[in-house]
There are 2 protein chains.
Amino acid sequence: MTEAMLVVSALDAAGYRLTGPRRALATVMAEMDGPFTAARVAGEAHDRGIRVGRATVFRTIDALERAGAIERIDLPSGEHAYVACAPAHHHHVVCSACGHTAEVADGALVALVTEIGRRTGFRIDEHRLELFGRCPSCVRAAGEGRG
Amino acid sequence: MTEAMLVVSALDAAGYRLTGPRRALATVMAEMDGPFTAARVAGEAHDRGIRVGRATVFRTIDALERAGAIERIDLPSGEHAYVACAPAHHHHVVCSACGHTAEVADGALVALVTEIGRRTGFRIDEHRLELFGRCPSCVRAAGEGRG
DNA sequence: CATCAAGTGAGACTGTGTATCATCTTGCCA
DNA sequence: TGGCAAGATGATACACAGTCTCACTTGATG
């Protein structure tokens, strides 16, 4: 519930109105486990009896992204997914098995990006690092499964 | 032309048949300046008088990606674009102004990814780093324009 | 509690990518 | 050189993501 409140208040702080559909969708997204697509949000909302138009789902996702409460991830499959996360700059590690995600601080990457800028001569304004693999418990489960 | 031949031979090496449409599309892609979307490839092919079905464009892009001759990039706009590039693991820096790209060796990132794996406990199988900014000549052009 | 800008839902619409299937082409081998 | 089977093609239908419009509703503010 706290997570949902954070997402809602991010909307508020960014100057968006707090409407019924937005609160409901923000809650759904905050409670999602792992990255979610627009379609999954719509489906989950429907399952919970929340009646919202498809356009509103897209608009709310857009608003939340602008507000910094969620962030887009491009899955290896090509799908656009989102993750609820802190507004500070960071990156995501996604478990390909269970969808669980972890946030990673920017840290050492900044230096690397600077170095790349120097080497290529580009002025780098934006970067995105996405990591995919298996989370600790899925690694353990696979290990046990195998012997 | 050499670039185009590289792309075509990558198809051959991966066991795909070298058909007329594939040669033509591979040439179009190899000669593209900057990242290209499927729609742009189809449009450019059409402009050159190459008559191919839309499905063939998607299939050829897919084949070239599997063959390692092109690589997918997710633009900040959300579009899926591709770049012709060497098959070795590396990353791309894309100029948001002119579309020019540069390749960056993996280098120091490997250590960083390993460190992230250790810190999060994830077994990281795959990573993607994309950088966006301005290429040297666009930086220069902007500087001159301003004063 | 009245006002109005902002938000909503329905549905049409655009664009991307996939599936199907009859027809055609390539690579191979005699 | 010609025939053949596997693989590729193109047309078209389809599934789905995302946008746009517009009449109607709702939230924040005084």
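OP1 or OP2 of C:dG9 lies within a sub-4.0 Å distance of a side-chain N or O belonging to A:Thr56. For A:His80, a side-chain nitrogen or oxygen approaches OP1 or OP2 of D:dG18 to under 4.0 Å. Contact check, A:Arg54 against C:dG9: no side-chain N or O comes under 4.0 Å of OP1 or OP2. Put simply, B:Thr19 has no side-chain N or O that comes within less than 4.0 Å of OP1 or OP2 on D:dG7.
The stretch residues 32-53 of chain B comes close to DNA chain C through B:Ala38, B:Ala39, each having a heavy atom under 4.0 Å from the strand.
For B:Asp33, the CG atom counts as loosely surrounded, since its 6.0 Å shell holds 12 or fewer non-hydrogen atoms of other residues, nucleotides or ligands. Within a 6.0 Å sphere centred on CZ of B:Arg119, other residues, nucleotides and ligands contribute more than 12 heavy atoms. Under a cut-off of 6.0 angstrom, the local environment of CZ in A:Arg48 is crowded, with over 12 non-hydrogen atoms contributed by other residues, nucleotides or ligands. Around atom NE2 of A:His46, no more than 12 heavy atoms belonging to other residues, nucleotides or ligands sit under 6.0 Å away.
Toward the 5' end of DNA chain D, the nearer of the two residues A:Tyr16 and B:Arg22, judged by each one's closest nucleotide, is B:Arg22.
The nearest whole Å value for the distance from the CD atom in B:Glu65 to the P atom in C:dT18 is 10 Å. Taking atom CZ on A:Arg17 and atom P on D:dG27, their separation rounds to 9 Å, with Å as the unit. Here C:dG17 presents its C1' atom at 12 Å from CZ of B:Arg72, a figure rounded to the nearest Å. Residue B:Leu64 contributes atom CG, which lies 12 Å from atom P of D:dA8 at whole-angstrom precision. One interatomic measurement links the two molecules: CZ of B:Arg23 to P of C:dT25, which rounds to 15 Å at whole-angstrom precision. The interatomic distance linking B:Asp62 (CG) with D:dT9 (C1') rounds to 15 Å, in whole Å. Summarising the geometry, the separation between CZ on A:Phe58 and C1' on C:dG15 is reported as 13 Å, rounded to the nearest angstrom. Across the protein-nucleic acid pair, A:Leu18 atom CG and D:dT25 atom P stand 22 Å apart, rounded to whole Å.
Listed for the B:His100 side chain is no donor-acceptor partner under 3.5 Å among the backbone atoms of B:Cys98. In this structure, B:Arg40 contributes its side chain and B:Pro35 its backbone to a donor-acceptor pair below 3.5 Å.
Side-chain to base pairing of B:Arg59 with D:dA8: no donor and acceptor N or O lie closer than 3.5 Å to each other.
A salt bridge is absent between B:Asp74 and A:Arg128; no separation between the charged side-chain nitrogens and carboxylate oxygens falls under 4.0 Å.
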